[in-house]
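Data block below; observations after.
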There are 2 protein chains.
Amino acid sequence: MSAHHENDQPSLTKNQALVLGALTGSNGPLTAYAILDLLRADGFRAPLQVYRALDKLVDFGMVHRLESLNAFVACRHPGCTSHDSAAFAICEQCGLVTEFTPDKALDMLKDWAKGEGFQMAKTTIELRGLCRTCTAH
Amino acid sequence: MSAHHENDQPSLTKNQALVLGALTGSNGPLTAYAILDLLRADGFRAPLQVYRALDKLVDFGMVHRLESLNAFVACRHPGCTSHDSAAFAICEQCGLVTEFTPDKALDMLKDWAKGEGFQMAKTTIELRGLCRTCTAH
DNA sequence: CCTATATAGTAATATTATAACATGATGAGC
DNA sequence: GCTCATCATGTTATAATATTACTATATAGG
């Protein structure tokens, strides 16, 4: 297996590719156990197979964990380089998840961190509410 | 039991007061099961007693849930009126949790939401990294 | 008193995540 | 090609977090 370097597309193992495929094929976030069920036909038997692949995919920046849902989404952020600072808007009605990069908000948070002497490694930003469509209805 | 109105200090039930006491007496976040263990001496027997009290306390804005820790903290934010938009910096070394109100960052997120037609009900903002003390060491 | 609502107790179970240990594949250096 | 270190995998069991379902009790308002 070739090593992963920053800015490379890491080559994925079979399990990692299967898990990523499940996520990219889904139109929304999936829990680890939902992924497990999707991949039983491919030979998956145990949660750890999913969790281990997810750990790597998150490391690679190809998948994000949604903390407030205990679920995972493939990164839809084209050309995104700062995978540790994506933000998500989650519709509580229809489940739609929209990824975006809140650069300005991140700058404000960095300012706070600087003033506080806090060395920021990762941010979790998740908005809950109603998407445009569900608001209209 | 008197009703809770916005801007009131709601009167708490016995269980709610016990759970809040456990959290204010702690110098950091507690999980629901940690709270349960602390309150066994007071007669708590089951997780649901804790979860039900936590639900109410979070409703009241007196307790926050830290999504990335599956844990809870008493609100330390004096005079805070926007309990749905607190932010937290979590030190991954020592566990210190610092609550703050990221007004500017929230404005940026509100701008994004407005442009997107997303009706924001609640935000989760959690920073992970190293606190000042741990950075120094 | 009657009833609607909120709170509470308890047992069982569902959901999410990890520990522990054995096995197999791969690549670097010799 | 062999050896070793490393990483990925498979499997079982278990831990940690959260909810469902059902019952009972209290209380405020009519």
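Residue numbers begin at 1 in each chain, while the letters A, B, ... track the order of the sequences.
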Next on the checklist: Under 4.0 Å, heavy atoms only, any strand: does B:Arg52 hit a base, just the sugar-phosphate, or nothing?
Outcome noted: base
Grab the [atom1]-[atom2] distance between [X] and [N] for me, whole Å please.
{"X": "B:Leu48", "N": "D:dT20", "atom1": "CG", "atom2": "P", "answer": "10 Å"}
{"X": "B:Leu54", "N": "C:dT7", "atom1": "CG", "atom2": "C1'", "answer": "15 Å"}
{"X": "A:Leu69", "N": "C:dT16", "atom1": "CG", "atom2": "P", "answer": "10 Å"}
{"X": "B:Lys14", "N": "D:dA26", "atom1": "NZ", "atom2": "C1'", "answer": "14 Å"}
{"X": "B:Gln49", "N": "C:dA12", "atom1": "CD", "atom2": "C1'", "answer": "15 Å"}
{"X": "A:Arg40", "N": "D:dT11", "atom1": "CZ", "atom2": "C1'", "answer": "13 Å"}
{"X": "B:Leu36", "N": "D:dA16", "atom1": "CG", "atom2": "P", "answer": "13 Å"}
{"X": "B:Asp55", "N": "C:dA6", "atom1": "CG", "atom2": "C1'", "answer": "14 Å"}

Phosphate-side-chain proximity, [X] and [N], N/O vs OP1/OP2 below 4.0 Å:
{"X": "B:Asn70", "N": "D:dA18", "answer": "yes"}
{"X": "A:Thr13", "N": "D:dT9", "answer": "yes"}
{"X": "B:Lys56", "N": "C:dT7", "answer": "yes"}

Checklist entry - How do A:Arg45 and B:Tyr51 order along DNA chain D: which one's closest nucleotide is nearer the 5' end? => result A:Arg45
Checklist entry - Between B:Ala71 and A:Phe44, which has a closest nucleotide on DNA chain D that is more 5'? => result A:Phe44
Checklist entry - Do B:Phe72 and B:His64 have ring centroids that are under 6.0 Å from one another? => result no
Checklist entry - So B:Phe118 and B:Trp112, would you call those rings parallel, tilted or perpendicular, with 30° and 60° as cut-offs? => result tilted
Checklist entry - Quick one: which of A:Met62, A:Arg65, A:Arg52 gives a side-chain contact (heavy atoms from CB on, under 4.5 Å) with A:Leu57? => result A:Met62
Checklist outcome for this item: Walking DNA chain C from its 5' end, the first of B:Ala46 and B:Gln16 to be reached, judged by nearest nucleotide, is B:Gln16
Checklist entry - Counting only N and O atoms by type, is there a donor-acceptor contact under 3.5 Å from the side chain of B:Thr135 to the main-chain atoms of B:Cys131? => result yes
Item to check | ring centroid sep under 5.5 Å plus plane angle under 30, B:Tyr33 with D:dT17 | outcome: yes
Checklist entry - What distance separates B:Gln49 CD from B:Lys14 NZ, expressed to the nearest 0.5 Å? => result 9.0 Å
